[in-house]
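The analysis underlying the following values was restricted to heavy atoms, covering all of them including side chains, and did not include hydrogens, waters or symmetry mates.
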Protein chains: 2
Amino acid sequence: MSEKRTFSISELSQEFDVTTRSIRFYEDQGLLKPARRGQTRIFSTKDRVRLKLILRGKRMGFSLAETKELFDLWDETLTGNEKQLLKMLEILSDRRAQLEQQKNDIAQAEMEIDTAEARCRESLEELQKKKKQQVATPKESEQTAT
Amino acid sequence: MSEKRTFSISELSQEFDVTTRSIRFYEDQGLLKPARRGQTRIFSTKDRVRLKLILRGKRMGFSLAETKELFDLWDETLTGNEKQLLKMLEILSDRRAQLEQQKNDIAQAEMEIDTAEARCRESLEELQKKKKQQVATPKESEQTAT
DNA sequence: GATAAAGTTTACGTAAACGTAAAGTATTTT
DNA sequence: AAAATACTTTACGTTTACGTAAACTTTATC
């Protein structure tokens, strides 16, 4: 059984370090569907999971619309007509392709960071050498300063 | 020696499937610095590389401002004062951390896609079974339709 | 030399994703 | 019950990353 805890908007806000404004906006856009007690929002564990997915999506460069599309599709899929299931499989396969692309991008970026770092360290060493030389034969300005 | 070819705006536009408007915008924001022949832009291989980096950055969820920051910093670093070199190393290490985070995100997403796909396939099999049963004992509506 | 094709600047428009009041309600604390 | 705290809606403002149109110049083509 998936826990029956509930969360207030500020709890989620703090836990995920996102403003309440954003959370309300996500609801407004149909990504979250918290229950209400009076007019106060009550978030379920399902909402919490979705919020987590939204934020991860953002980190991965997905728009809210794209994430919503996935949510909606998944909900539809649960009602399980064959056409929808097949469409879902297609979408999933698209996502997988996107993820592959991103993995390539990341690998590339990592290599570039490697070489960039190497160059930085080389330059630093060069500077260190020059420093040592300066200590061995100090400049006039530094001698007179004494 | 890095090739001395040059490119027109439309060549780059086609190669990377991005509008000329976008390319001009990137220049406007200081991310590209094409030479000019009269008022026509002439892009170098360096510009081309940078465009590629911009687009990859976008796929990875980086804003133009973030990418520009990196470009600028790298340019500064080349002039090589020690403080800047150390700052660059810091930034690089930050990026590395970000990439790690993204790799985690991707791994998570892949797992979720795996389970989602599995569920889809299960549901599909269920439907197939029901279909077979229907063929064995067809519905009245389908009988009368003949 | 007209006309199309490719380039340019200028400038207003727009969608996404919130930020930021303003003004009100509900609940809890003192 | 007064004040503070947490929540709400409404609504206008802002930034980013371009789209789109207008009016103009330069270069290639017929």
Side-chain angles (χ1 to χ4, degrees), chain A residues 5-44 47-48 50-73 98 101-102 105, chain B residues 5-45 47-48 50-73 98 102 105:
Chain A
R5 265 207 65 188
T6 64
F7 308 85
S8 76
I9 195 167
S10 52
E11 279 175 325
L12 291 184
S13 164
Q14 285 170 32
E15 177 174 0
F16 294 110
D17 192 32
V18 60
T19 66
T20 58
R21 176 68 179 89
S22 296
I23 296 179
R24 293 199 190 95
F25 183 73
Y26 299 152
E27 176 184 5
D28 206 60
Q29 299 301 302
L31 289 147
L32 298 176
K33 290 169 188 168
R36 299 283 179 137
R37 199 185 68 205
Q39 49 175 15
T40 308
R41 276 162 256 254
I42 309 237
F43 296 86
S44 66
D47 290 317
R48 210 184 79 125
R50 293 210 154 181
L51 181 52
K52 204 187 289 188
L53 289 175
I54 292 169
L55 298 177
R56 189 164 76 209
K58 297 202 69 180
R59 286 198 303 271
M60 298 172 64
F62 293 131
S63 72
L64 294 183
E66 284 172 309
T67 301
K68 177 179 159 57
E69 213 181 334
L70 253 193
F71 285 177
D72 290 352
L73 236 117
Q98 268 188 64
Q101 165 75 317
Q102 294 208 10
D105 287 343
Chain B
R5 269 206 63 190
T6 63
F7 310 84
S8 75
I9 194 167
S10 51
E11 280 176 324
L12 291 185
S13 163
Q14 284 170 33
E15 177 174 2
F16 294 111
D17 193 34
V18 58
T19 67
T20 58
R21 176 69 180 91
S22 296
I23 296 180
R24 294 198 189 95
F25 182 74
Y26 299 153
E27 177 186 5
D28 207 61
Q29 300 299 304
L31 288 147
L32 298 176
K33 289 169 189 167
R36 298 284 179 135
R37 202 185 67 204
Q39 48 175 16
T40 308
R41 277 161 255 251
I42 310 237
F43 295 87
S44 67
T45 54
D47 289 317
R48 210 185 79 123
R50 291 209 157 183
L51 181 51
K52 203 186 291 187
L53 289 175
I54 292 167
L55 298 176
R56 188 165 75 209
K58 296 200 69 180
R59 285 199 302 273
M60 297 172 63
F62 293 130
S63 73
L64 294 183
E66 284 172 309
T67 301
K68 176 181 160 54
E69 213 182 335
L70 253 192
F71 285 177
D72 290 352
L73 237 119
Q98 267 187 65
Q102 294 206 9
D105 288 341

TODO: Compare side-chain N and O positions of A/Tyr26 against OP1 and OP2 of C/dC18 and report whether any pair is under 4.0 Å apart.
DONE: yes

TODO: Round to a whole Å and report the spacing from CG of A/Asp28 to P of D/dT8.
DONE: 13 Å

- [ ] Ignoring backbone atoms, establish whether B/Ser8 has a side-chain N or O less than 4.0 Å from OP1 or OP2 of C/dA6.
- [x] no

Open item on the list: Expressed as a whole number of angstroms, how long is the span from A/Phe25:CZ to D/dT9:C1'?
Closed with: 16 Å

Task: Length of the CD-P vector between B/Gln39 and C/dT8, whole Å - done: 8 Å

Open item on the list: Could you tell me if B/Thr19 and B/Ser22 have a donor-acceptor pair between their side chains, going purely by distance under 3.5 Å?
Closed with: yes

Task: Whole-Å distance separating the CD atom of A/Glu66 from the P atom of C/dA15 - done: 17 Å

TODO: Going by the side-chain contact (heavy atoms from CB on, under 4.5 Å) test, name the single residue among A/Ile54, A/Leu53, A/Ile23 that passes it with A/Leu31.
DONE: A/Ile54

Open item on the list: Measure CZ/B/Arg24 against C1'/D/dG19 and give the value in whole Å, please.
Closed with: 13 Å

- [ ] Taking the side chain as every heavy atom from C-beta outward, state whether B/Thr20 and B/Arg24 have any atom pair closer than 4.5 Å.
- [x] yes

Open item on the list: Measuring from atom CZ of B/Arg5 to atom CZ of B/Arg48, what distance do you get when rounded to the nearest 0.5 angstrom?
Closed with: 7.5 Å

TODO: For A/Thr20, answer base if it contacts any base atom (sugar-phosphate contacts may also be present), sugar-phosphate if it contacts only those atoms, and nothing otherwise; contact means non-hydrogen atoms under 4.0 Å.
DONE: nothing

- [ ] Rounded to the nearest angstrom, tell me the gap between atom CZ in A/Arg36 and atom P in D/dC7.
- [x] 13 Å

Open item on the list: Quick check for you: among C/dG7, C/dT20, D/dG19, whose closest atom lies nearest to any side-chain atom of B/Ile9?
Closed with: C/dG7

Open item on the list: Distance check needed: C/dT8 P versus B/Leu32 CG, whole Å only.
Closed with: 12 Å

TODO: May I have the distance from B/Arg37 (atom CZ) to D/dT25 (atom P), rounded to whole angstrom?
DONE: 19 Å

